[in-house]
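Scroll down for the structure; my scribbles are underneath it.
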Amino acid sequence: MSSETTPRNNFIRELVEDDVATGRFGRPVTTRFPPEPNGFLHIGHAKSICLNFGLAEDFAGRCNLRLDDTNPFTEDMKYVEAIKRDVAWLGFTWAAECYASDYFDKLYEIAESLVKTGKAYVDSQNEEEIRENRGTVMEPGKPGPYRDRTPEENLDLLRRMKAGEFPDGAHVLRAKIDLAHPNMIMRDPLLLRIRHASHYRLGDEWCLYPLYDFAHGLSDAIEGITRSLCTLEFKDNRDIYEWLVNEAGFERPPTQIEFARLELDYTVVSKRKLLRLVNEGHVSGWDDPRMPTLAGLRRRGVTPEAIRAFCDSIGVARKPARTELATFEHAVRNDLNMRVPRVMCVVDPIKVVLTNYAAGQVEELDASYYPHDVPLTGSRKVPFSRELWIEREDFMEDPPKKFFRLAPGREVRLRYGFFITCQEVVKNDAGEIVELRCTYDPATRGGDSPDGRKVQGTIHWVSAARGVTCEVRLYDKLFTVPDPEAQGDDVDFTTFVNPDSIRVMSHAKVEPSVLGDAPDARYQFERTGYFVKDVADWRDERPVFNRTVTLRDTWAKVKGA
RNA sequence: UGCCCCUUGGUGUAACUGGCAACACGCCUGACUCUGGAUCAGGAGAGUCCUGGUUCGAUCCCAGGAGGGGCAACCA
């Protein structure tokens, strides 16, 4: 059912294997993917999703989808829906759909019991005082004036906090651990705060909301999670995680394992920064095809299989690391190559007139959808006529030695069509090439010459008579530098947004066969790249295609050298 | 100047847990080709951050050092 290939080894898999071997948890391997519904999922989340769901799958366990919705200020149902859609799109099925907000009662109970045993107290300092008394990484903090309230007093206060007797910020519940703890996280971490805000699921039922540290590990424990996977920046939080699940009395509690988050060159993978790109109008929305969000990648034409293959290929480790874009692009091409049909589209057209081809004549040529090495079959008819469009880049008046395409006096093959020879270059007053007058060889119909003569180049083309004008959006890297977040503290990452990250080609010409295909059809436009119909902006009178990724282009290297 | 984590070719990972460093991406050659795609064949590229130690033998164990990163939100 799952993949044929053996998953590659990593340190988390080894730990889980040990757990299984020793029966450490006494229950099936159970993981969870715990996003907060305050933004869209991105490629970094995909790594975590693949890890958590993949582990459960491989060890015959289960993986929950848990919405970590403990902050009523930022969360929204629209994000929940987007998250569910994206995880499902990636191809994973959660064992249970869970919400941290479903555990608020249980969490509150635990809070009371911590208070009763003197492990937690109500602090009435304001935010600044709490911060000051926490000390710094260099200096220990010191106990505040409310730290030694009696359990009875604390319990009374806590209940009144819950009852809504106090305004936001009046009190907080804190674990009573150690204000001088070398780990800052353990300096009496906050557990519950007052927030008179409407929760997107619970409405006004609560005015007491748990903080991440209080909610997360306990939610894991409640769900019977065995291994709780999270990213490196939560390493220090592991102490409070363990403290809480133990104080709460869970048997064989889950344990946290941290791994390095994905960092991808030429983009950012942080919900906060992605939100800024959206809000500041650098992109058109969360699903802008330039965004590394799953919604953006989907609209860009990337398949879920490619994303999963990519996630498998990058490995899992505890070393912060950046992944080159080439690794991602390889996964995308590798997947698309084997599954999408080839069609012809001229992105930047220049006209070719075949002077020896009858005006008004149109013939239908057979063209296979797939090359010989892709084990799929299918073909379509492509109309051919006296006037054609070819790619501006495929002609050079004064070509360099290694240029194999059309040039004055030179013969090339029109893919699935005929051999043509350029006889004349027509220019306008400005000296720009407006038309190429060529002759075709009727004997080469279909692309082979009976006399066995060879041509160096094969170019793609579209009939001017029957081709369809369309808009082609050429997407490129979102940023001009590999790591826009590390350009110095005084430089904002948005200054590196690539102004050429989208180029709109509004006079492209595509063969008519694509019109009848599905609204989200993917293609390889021969010789240029992989494309997908844009589901949002497509109109029959104005077709729109998005470039998913270019083809590998060795000519570009030759040219660049 | 505290606590914690990390350090293997350009990049990302691996190495049966002590036996003389492998895979993928990228790069370079060549072959093939009706996509300058794909595929195929070959190649270059690290002696595993440094210094000591243990050992017949260390990427793996120990000590010290250097470099990188995380932590001082009533965010997650």
Side-chain angles (χ1 to χ4, degrees), chain A residues 8-10 14 34-36 38 68 70-71 73-74 123 126-127 130-132 134-141 168-169 171-174 180-187 190-195 209 211-213 215-216 230-239 258 260 262 265 271-272 312-331 333-334 337-338 342 344 367-368 371-374 402-405 412-417 419 444 446-448 454-460 524-530 550-559:
Chain A
R8 75 198 277 199
N9 201 27
N10 63 54
E14 282 182 8
E36 183 188 12
N38 67 347
D68 202 3
T70 57
N71 185 350
F73 289 172
T74 57
D123 194 347
N126 64 34
E127 211 172 323
I130 288 176
R131 196 180 314 124
E132 273 168 33
R134 185 156 38 216
T136 68
V137 292
M138 297 310 193
E139 309 149 20
D168 289 10
H171 311 281
V172 292
L173 184 75
R174 300 180 74 175
H181 198 105
N183 179 354
M184 294 293 297
I185 299 283
M186 295 297 272
R187 320 248 258 226
L190 275 62
L191 268 23
L192 250 21
R193 81 286 218 181
I194 299 170
R195 230 97 131 153
Y209 290 92
L211 279 101
Y212 168 84
D213 282 320
H216 200 87
C230 66
T231 46
L232 253 25
E233 65 268 29
F234 292 99
K235 172 62 181 74
D236 291 339
N237 301 62
R238 192 153 104 194
D239 286 350
E258 310 83 19
L262 169 71
D265 278 355
K271 268 196 278 189
R272 205 181 83 252
D312 286 346
S313 78
I314 56 177
V316 182
R318 244 183 303 222
K319 169 176 64 162
R322 302 192 64 79
T323 297
E324 291 180 337
L325 205 50
T327 306
F328 177 72
E329 293 190 338
H330 172 263
R333 292 190 187 107
N334 198 41
N337 175 47
M338 296 307 281
R342 274 64 171 170
M344 294 193 283
S368 171
H372 59 89
D373 51 359
V374 171
K402 297 266 232 6
F403 187 80
F404 301 154
R405 287 112 98 148
V412 298
R413 170 169 38 231
L414 295 180
R415 174 135 244 230
Y416 298 121
F419 286 10
T444 57
D448 291 306
K454 301 287 186 196
V455 287
Q456 279 228 87
T458 298
I459 64 175
H460 57 98
Q524 181 194 108
F525 286 170
E526 296 236 16
R527 304 206 310 129
T528 87
Y530 293 97
T550 62
L551 250 33
R552 270 188 63 209
D553 189 356
T554 52
W555 164 241
K557 284 177 202 161
V558 174
K559 193 173 54 173

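What you are looking at is a predicted structure, and each value in this text was computed from that prediction instead of being measured.
Between the C1' atoms of B:U29 and B:A44, the separation comes to 10 Å (whole Å). Taking the C1' atoms as reference points, B:A14 lies 13 Å from B:G9, given to the whole Å. Distance check on atom C1': B:G70 versus B:A76 gives 15 Å, rounded to whole Å. Distance check on atom P: B:A22 versus B:U35 gives 36 Å, rounded to whole Å. B:G69 sits 26 Å from B:G26 when the C1' atoms are compared, rounded to a whole Å. Nucleotides B:A38 and B:C75 place their P atoms 50 Å apart, quoted to the nearest Å. A gap of 31 Å separates the C1' atoms of B:U55 and B:G68, to the nearest Å. Comparing the P positions of B:C62 and B:C4 gives an interatomic distance of 16 Å, to the nearest angstrom.
A:Glu132 comes within 4.0 angstrom of no nucleic acid atom, judged by non-hydrogen atoms across all strands.
Aromatic stacking is marked for A:Trp555 over B:G36, as both cut-offs hold: 5.5 Å for the centres and 30° for the planes.
Checked by atom type, the side-chain pair A:His216/A:Asp68 shows a donor-acceptor distance below 3.5 Å.
If you take CG of A:Leu192 and C1' of B:C74, they are 11 Å apart, rounded to a whole angstrom. Distance CG (A:Asn337) to C1' (B:U33): 14 Å, rounded to an integer number of Å.
For A:Asp236 against B:G70, a side-chain N or O and a base N or O form a donor-acceptor pair under 3.5 Å. For a distance-only test at 3.5 Å, the side chain of A:Glu324 qualifies as a donor-acceptor partner of the base of B:G10. Side-chain atoms of A:Asp553 and base atoms of B:G37 include no donor and acceptor less than 3.5 Å apart.
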Pair assignment for RNA chain B - dot-bracket with | for other-strand partners, Watson-Crick or G-U under 3.5 Å
.((((((..((((.....[..)))).(((((.......))))).....(((((..]....))))))))))).....
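Separation of the A:Tyr530 and A:Phe525 ring centroids does not fall under the 6.0 Å cut-off.
Nearest to the side chain of A:Lys319, among B:G36, B:C6, B:A72, sits B:C6.
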From CA spacing to verdict: side chain to side chain donor-acceptor pair (under 3.5 Å), A:Asn9, A:Glu14:
CA-CA 7 Å; A:Asn9 201 27; A:Glu14 282 182 8; 2.7 Å; yes
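For the ring pair (Phe, Tyr, Trp, His ring centres under 6.0 Å) test, residues two or more places apart in sequence or in another chain that qualify with A:Phe403 are A:Trp555.
Each of A:His330 and A:Ala321 was assigned the nucleotide of RNA chain B with the nearest heavy atom; the assignment lying further toward the 5' end belongs to A:Ala321. Where A:Arg405 and A:Gly315 each meet RNA chain B at their nearest nucleotide, the meeting point lying more 5' is that of A:Gly315.
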